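Note that the structure is predicted; figures quoted are calculated from it, not measured. Proteins get letters first, then strands, A, B, ... in listed order; numbering begins at 1 in each.
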There are 2 protein chains.
Amino acid sequence: MSSNTSRRRDVTVADVARAASVSKAQAARALGNYGAVSEDVRERVLAAAEELSYRPNELARSMNTGKSHTIGVVVGDIENPHFGLATRGITDTAKKSGYNVILANTDEERAAEVDAVQVLLDKRVDGLIVAPASSTETDHLQRVYESGRPLVLLDRAARGLPAEVIAADMAGISYDATKYLLDSGHRRIAFISTLKNASPFLDGTQLDSSQISERLEGMLRAFAETKLPFPYDLVRLNAGDADSIRDATRELLLRADPATVVVASDGLIALSALGAIQDLQLSIPKDVSFLMYDDFAWARLTTPPLTVVAQPVYDMGVAAATALIRQIDGRKASGTAPALQARLIKRGSVGPPREAFQPAQAYTAEGPTAALG
Amino acid sequence: MSSNTSRRRDVTVADVARAASVSKAQAARALGNYGAVSEDVRERVLAAAEELSYRPNELARSMNTGKSHTIGVVVGDIENPHFGLATRGITDTAKKSGYNVILANTDEERAAEVDAVQVLLDKRVDGLIVAPASSTETDHLQRVYESGRPLVLLDRAARGLPAEVIAADMAGISYDATKYLLDSGHRRIAFISTLKNASPFLDGTQLDSSQISERLEGMLRAFAETKLPFPYDLVRLNAGDADSIRDATRELLLRADPATVVVASDGLIALSALGAIQDLQLSIPKDVSFLMYDDFAWARLTTPPLTVVAQPVYDMGVAAATALIRQIDGRKASGTAPALQARLIKRGSVGPPREAFQPAQAYTAEGPTAALG
DNA sequence: ATGAAAGCGCTAACAC
DNA sequence: GTGTTAGCGCTTTCAT
């Protein structure tokens with residue numbers, strides 16, 4: 001409560017200039033720290049600014065510099081720790097370079113994403129980081145590109161867009177993980193994902209998400225390599241809310257030819273799936289094995305601790321922001337992109353399938369259950 | 001790839017006006033949907049805009065309306081699911097009213113918070129939601145108030161500020177929870193919080209966070225009521241990173257007169273504390289009981305499931321955004337604030353203290369261990 | 001209903 | 001080094 005309790009009108013450069021008895025331009029130069037200003041004037045202006053508690057209007061500044069020092073971030077669900085962590089990586093990095101972050105949540109809804117991107121462009125963000133809900137419908141992302149502002153994709157690629165993509169190699173790690181499950185004797189591997197898709201996943205289905213496509217591709221490759229038929233009937237897409245995930249899990253486990261291992265596509269899905277398994281009174285890994293994507297702290301606290309595919313999520317956020325800001329500044333890619341490697345962390349939730357211990361193999365002849373090649 | 005691959009200059013109202021052969025003012029009216037415009041002109045303008053794929057410059061618009069339709073959100077750690085969920089509540093609500101959210105992370109660092117608030121004010125946000133790191137040092141928040149823009153506080157109050165505070169009643173629920181622990185036979189109740197404080201918590205210590213103050217106040221009251229001495233030696237503040245939390249937990253459990261129950265001030269702390277307990281090979285609740293603030297999905301998946309104080313975090317986000325937007329729109333509080341009640345959810349992690357089962361009570365005489373009052 | 005012109009707060013030419 | 005004058009893209013009087 002020093003002096004001014006100014007409400008309405010903000011104090012402007014003009015006010016400061018007047019108080020320091022210099023021209024508006026000179027005041028602006030001193031305040032904005034550009035151009036040539038004598039020491040005397042600088043001091044007077046700064047003093048006046050201090051006295052009047054002047055604050056620059058960044059909006060006005062942005063208007064004629066064309067730079068807002070703001071980047072837009074569009075994610076599917078900030079509540080999902082995956083994005084929470086990535087966002088942390090982004091904001092940390094942005095702050096370091098003097099950028100702010102406008103965050104938009106889309107609920108993995110395409111319409112919301114299109115809208116969010118448009119709004120952010122209208123707000124003249126300097127660049128955009130998007131985790132696109134769809135890898136195929138990308139008109140709105142194309143528009144970003146056309147607006148002349150850089151775009152970096154997080155987690156998922158977008159077909160036909162020249163945008164830089166920050167994501168771990170999902171096909172590779174999925175292949176590894178699947179191989180591990182196969183080696184453990186599993187054949188009935190279920191995969192649950194929130195990915196919205198009109199039809200179930202069949203041979204040749206083109207998926208809308210590069211991320212999930214790659215994971216399934218890795219699985220298919222592992223199966224193919226071992227000459228085993230891929231269990232298309234155990235792939236569950238469109239697993240939206242907690243209830244539908246629970247239902248899907250129950251069904252996968254209670255059906256005639258049940259899954260012997262459940263692979264959860266992210267931490268949120270895992271939570272619901274594990275809840276369902278718990279309700280079913282099934283024990284992991286005795287009755288059913290479990291594997292999830294993303295390694296969160298709680299994965300070590302369950303009994304047994306969970307085997308996971310860990311992604312360097314925070315680093316991905318950092319990488320995305322770094323790449324974007326580099327592009328905003330018009331700098332070229334600095335050769336060595338940091339390796340964003342996902343890792344399979346074996347803990348206790350994957351064991352041999354239940355059937356493997358039973359006297360007779362009720363299945364089709366699919367070769368020995370021993371570890372393969 | 002229809003026609004324009006315009007790079008540099010954006011198309012403006014002037015361009016649209018020219019194309020529609022009307023004045024700039026008329027075009028602006030049609031586009032901005034204000035003032036009086038004839039049907040004929042409106043159509044021509046809209047058609048021209050469409051053709052040129054005109055997009056309004058929201059910065060310019062904000063400049064002379066004085067409204068940016070953006071609210072600033074300042075939290076300690078977006079990575080913490082507590083804030084993740086609250087942020088979701090905020091963004092959902094904001095979007096519904098046509099507002100965007102600029103997110104700033106402070107790492108619970110005062111300097112970062114002061115800076116973030118300043119930057120957001122400079123960017124001319126229409127209002128601010130802050131989860132203040134400190135409840136006592138509030139000059140920067142005072143400045144928000146002086147700028148004439150509304151401010152809503154999340155989780156924690158700030159001394160001497162007229163700002164609306166959205167938070168569950170912590171003193172009450174803490175009292176309830178402590179009473180429950182006391183009734184279960186516990187006397188050695190440990191409390192771990194990230195709150196930064198220069199000195200340890202002693203009788204009469206003034207804490208910097210209303211949230212934590214209230215919790216401790218509730219604990220003190222419960223102890224006082226049962227005439228038991230409060231275990232000041234078991235309060236751990238400044239539990240910053242995962243390691244320091246683990247260390248604190250170990251110490252609390254391995255010391256001469258150890259804690260029989262650990263209360264974790266939030267989910268992140270709980271994760272580290274549980275890790276430490278696991279490393280110590282202690283079993284819950286046989287060897288040590290456990291209680292945490294916030295109810296996250298994983299709390300039901302541990303063995304045993306965790307007893308928690310659940311806060312309506314998402315709803316708090318919604319309430320904060322609703323209150324802020326109401327103030328921005330200059331509307332009065334609508335009488336009935338929605339009840340933001342925290343609840344004690346008893347699951348399996350609290351049992352009788354270990355000592356209660358041992359032959360002799362090695363402690364000071366503190367009355368019978370049976371349930372009281 | 002429409003247009004001319006002023007102005008939001010700042011930066012950027014351009015003189016001097 | 002300093003001041004004057006234009007804008008940035010939009011909204012908003014104020015005439016007509």
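One interatomic measurement links the two molecules: CZ of A/Arg61 to C1' of D/dG9, which rounds to 19 Å at whole-angstrom precision. Across the protein-nucleic acid pair, B/Asp10 atom CG and D/dG9 atom P stand 7 Å apart, rounded to whole Å. Atom CG of B/Asn33 is separated from atom P of D/dC10 by 15 Å (rounded to the nearest Å).
For the pair B/Tyr54 and D/dC10, the criterion of a side-chain N or O lying under 4.0 Å from OP1 or OP2 is met. For the OP1/OP2 pair of D/dT11 and a distance below 4.0 Å, the side-chain nitrogens and oxygens of B/Tyr34 include at least one atom meeting the criterion.
Once rounded to the nearest 0.5 Å, the distance linking CG of B/Leu151 with CG of B/Leu324 reads 8.0 Å. Taking CD1 of B/Ile90 as the reference point, atom CD1 of B/Ile71 lies at 6.5 Å (rounded to 0.5 Å).
Ion pairing between A/Asp139 and A/Arg110 fails under the 4.0 Å rule for side-chain N and carboxylate O. Using a 4.0 Å cut-off between charged side-chain N and carboxylate O, B/Lys96 and B/Asp92 make no salt bridge. B/Glu108 and B/Arg156 are joined by a salt bridge, as a carboxylate oxygen and a charged side-chain nitrogen come within less than 4.0 angstrom of each other.
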Could you walk me through whether A/Arg61 and A/Glu58 pass the salt bridge (charged side-chain N to carboxylate O under 4.0 Å, His left out) test, one step at a time? CA-CA 5 Å; A/Arg61 196 168 267 180; A/Glu58 291 296 342; 3.4 Å; yes
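Once you apply a 4.0 Å limit to the heavy atoms of chain B, the touched nucleotides of DNA chain C run 5' to 3' over C/dA1 to C/dG9.
Remark: the A/Asn100 side chain and the A/Thr70 side chain contain no N/O donor-acceptor pair separated by less than 3.5 Å.
Taking 4.5 Å as the limit, some side-chain heavy atom of A/Thr87 sits within range of a side-chain heavy atom of B/Leu103.
Residues satisfying the ring-ring contact (aromatic ring centres under 6.0 Å, His included) criterion with A/Tyr54, sequence neighbours excluded, are absent altogether. Contacts of B/Asn57 classified as side chain to side chain contact (heavy atoms under 4.5 Å, CB included), with partners at least two apart in sequence or in another chain: A/Arg124, B/Leu59, B/Ala60. For A/His140, there are no ring-ring contact (aromatic ring centres under 6.0 Å, His included) partners, not counting sequence neighbours.
Recorded end-axis angle for the helix from C/dA1-D/dT16 to C/dC16-D/dG1 stands at 40°, based on five pairs per end and rounded to 10 degrees.
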Heavy-atom contacts, protein to nucleotides 1-8 of chain D, under 4.0 Å, summarised as B (base), S (sugar-phosphate only) or - (none) per nt, yield SBBB--BB
